[in-house]
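First up is the structure itself, then whatever we jot down about it.
The sequence lines fix the lettering, A, B, ..., with proteins before strands; numbering per chain opens at 1.
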There are 2 protein chains.
Amino acid sequence: MTSARFITRNSGVAIWRQIADQIRGDISAGKLANGTRMPPEIEMATRFAVNRHTIRSAIAALTKEGVLRAEQGRGTFVANSKKLTYRIGQRTRFSQILSTQVRETRGILLAHRREEAPVDVAEALNMLSGEVIRIDTMHTADGNPVSCATAWFDAARVPNVAEDYRSSGSITFALKAAGIDDYLRKSTLIAARHAEAEELRHLKLSPGAIVLVATAINVDTEGHPIQYSKTRFAADRLEIAIDNDSAG
Amino acid sequence: MTSARFITRNSGVAIWRQIADQIRGDISAGKLANGTRMPPEIEMATRFAVNRHTIRSAIAALTKEGVLRAEQGRGTFVANSKKLTYRIGQRTRFSQILSTQVRETRGILLAHRREEAPVDVAEALNMLSGEVIRIDTMHTADGNPVSCATAWFDAARVPNVAEDYRSSGSITFALKAAGIDDYLRKSTLIAARHAEAEELRHLKLSPGAIVLVATAINVDTEGHPIQYSKTRFAADRLEIAIDNDSAG
DNA sequence: GTCGATTTGTGCGTATGTATT
DNA sequence: AAATACATACGCACAAATCGA
């Protein structure tokens, strides 16, 4: 079905997890479509050159994640598939981007506080000093968590951003309430790392999962920075597109 | 020094490896600068709430990787640091992008072959059918591997792309040799996943490491697709920037 | 409906790796 | 350094569910 696989022993990563990661990768890369029947456990065991129990551990982990589904006597099937695409351009709005791909999106305020601006935040927002509003949010698409984010705003400019976000679930709305009718994406930095414990919880991921981290600066129509944010996307559910035609 | 840490037990990833991954992440995220002295093993052990032996396993692994350097009686120090930034815009050239950040870059041809175009390749290159040249390359910056890539070209248009790349280590040069003086980035898709065995080998990563996957289409000045590529970047050494000001 | 073949689910014994004390 | 506990991986055997002949 797919190409030969390789396992590294004594690497600190259990063999069952390496196998689970490879299978999950194949599925999210589109090599294994939704509903596809996986090879029998014994065949996979010989292919990976491991014991059948080890394959079963990998399958058990992926079943728990909801990626695979095993049926006694019938086989094991791909239960999940297809990634969302998050298209980044100058006008980047969470719900609008996903609106053609899912039925509904939701933004939830997890926490908020007023704080002295950390150095990177102050630099990004072009503030010499002063207080910022920090909000921690998470976002779901059709009920599935896809991302969580931390965003900072100049407290002097948008003092009620947290309350306005809580009631609407929308940054666009919260900024409108502060008199900012439009905003544009100035820059985006993309990195990837393993999810931290809190992210695992919010995004319902399992240890070892990957998050795409988008660090963004949004500016108003006059080019003044109004928002600095770090959004963590579940990398197995979503990919980021950059369309150079429409980006500029 | 840095924030509190979290460890997940029975996740299939050994605790020493989770700790090693976190420390490596902190270093490449810039939280721990080059040459910084790490806290004593006992202090780290209490902070992570694990035994000192476990910390020592993590340090031993990072020392083997060349990320840390332990000196008996003095302490453990950061031997490595700072991520590269790969800036994606309309005119995306590997060596040029990194030229301000490193002394030298190199492109190495790993393999090449002529093949019938797979469906996604044919679609991206706007070919109904026909043969493509596929080249597998890897790229180093100051001798350190940062990425490996697979690229496809229309065999009718650039028949000698593999040989020209081999001699020059440059896509720009290889396309010039085929009469294509300029090309632009049309679209880029960014995803993240665990590195596969071959990538671990080429990029000198350890199991569980993350790669950023950039799937790109380059077009000539008339807008005809000429190159379809999938580049895998070592996520702990590099991040991707999208500058919306200059992207369009 | 029965039978055999296939496939997943379960149990047990053993050896090694991991983590703590 | 050693003793302990548990997780991981293997090998063998058998039970339970599914499917087609």
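- B:N51 comes within 4.0 angstrom of a nucleotide base, judged by non-hydrogen atoms across all strands.
- Going from atom CD of A:Q18 over to atom P of D:dA7 covers 20 Å, rounded to whole Å.
- The CD1 atom of A:I19 sits 13 Å away from the P atom of D:dT8 (whole-angstrom rounding).
- Taking every side-chain heavy atom of A:P40 into account, C:dT7 is the closest of D:dA9, C:dA19, C:dT7.
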Between the protein and nucleotides 13-16 of chain D, list every N/O to N/O distance that falls short of 3.5 Å.
residue	atom	partner	partner atom	Å
D:dA16	N3	A:Q72	NE2	3.4

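- With distances taken from any side-chain atom of A:A70 to the nucleotides C:dT20, D:dC10, C:dG9, the minimum falls on C:dG9.
- For the pair A:N10 CG and C:dT16 C1', the computed distance is 9 Å after rounding to whole Å.
- Within the 4.0 Å cut-off from OP1 or OP2 of D:dC19, at least one side-chain nitrogen or oxygen of A:R74 is found.
- Atom CZ of A:R56 is separated from atom C1' of D:dC10 by 15 Å (rounded to the nearest Å).
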> Are B:S147 and B:R237 close enough, and set up right, to give a side-chain hydrogen bond (donor to acceptor under 3.5 Å, both in side chains), and what steps lead you there?
Replying inline: CA-CA 9 Å; B:S147 59; B:R237 291 174 203 151; over 6 Å; no

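- Residue A:T76 is classed as a sugar-phosphate contact, given heavy-atom separations below 4.0 Å to backbone atoms only.
- Distance CH2 (A:W16) to P (C:dG17): 19 Å, rounded to an integer number of Å.
- Base pairing of C:dA15: its partner is D:dT8, meeting the Watson-Crick or G-U wobble criterion (both donor-acceptor distances under 3.5 Å).
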> Between B:E196 and B:K230, is a salt bridge (charged side-chain N to carboxylate O under 4.0 Å, His left out) present by the stated rule, with each step listed?
Replying inline: CA-CA 14 Å; B:E196 293 175 1; B:K230 288 176 183 286; over 6 Å; no

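- Summarising the geometry, the separation between CD1 on A:I7 and C1' on D:dT8 is reported as 13 Å, rounded to the nearest angstrom.
- Rounded to whole Å, the distance from CZ on A:R69 to P on C:dT8 is 12 Å.
- Here the side chain of B:Q101 pairs a donor or acceptor atom with the backbone of B:T85 at under 3.5 angstrom.
- At D:dT8, none of the side-chain N or O atoms of A:R17 fall inside 4.0 Å of OP1 or OP2 (strictly under the cut-off).
- When the side chain to side chain contact (heavy atoms under 4.5 Å, CB included) test is applied to B:S95, the partners found at least two apart in sequence or on another chain are B:T105.
- Regarding A:E71, its CD atom lies at a distance of 10 Å from the C1' atom of C:dT8, rounded to whole Å.
- Between the CG atom in A:L238 and the CD1 atom in A:I240 there is a gap of 6.5 Å [rounded to 0.5 Å].
- A salt bridge links B:E199 with B:R193: at least one charged nitrogen is closer than 4.0 Å to a carboxylate oxygen.
- Using a 4.0 Å cut-off, some side-chain N or O of A:T54 falls inside it from OP1 or OP2 of D:dC10.
- In the set C:dT18, D:dC10, D:dA7, the nucleotide with an atom closest to the side chain of A:R9 is D:dC10.
- For the residue pair B:R17/A:S11, the side-chain donor-acceptor check at 3.5 Å is not satisfied.
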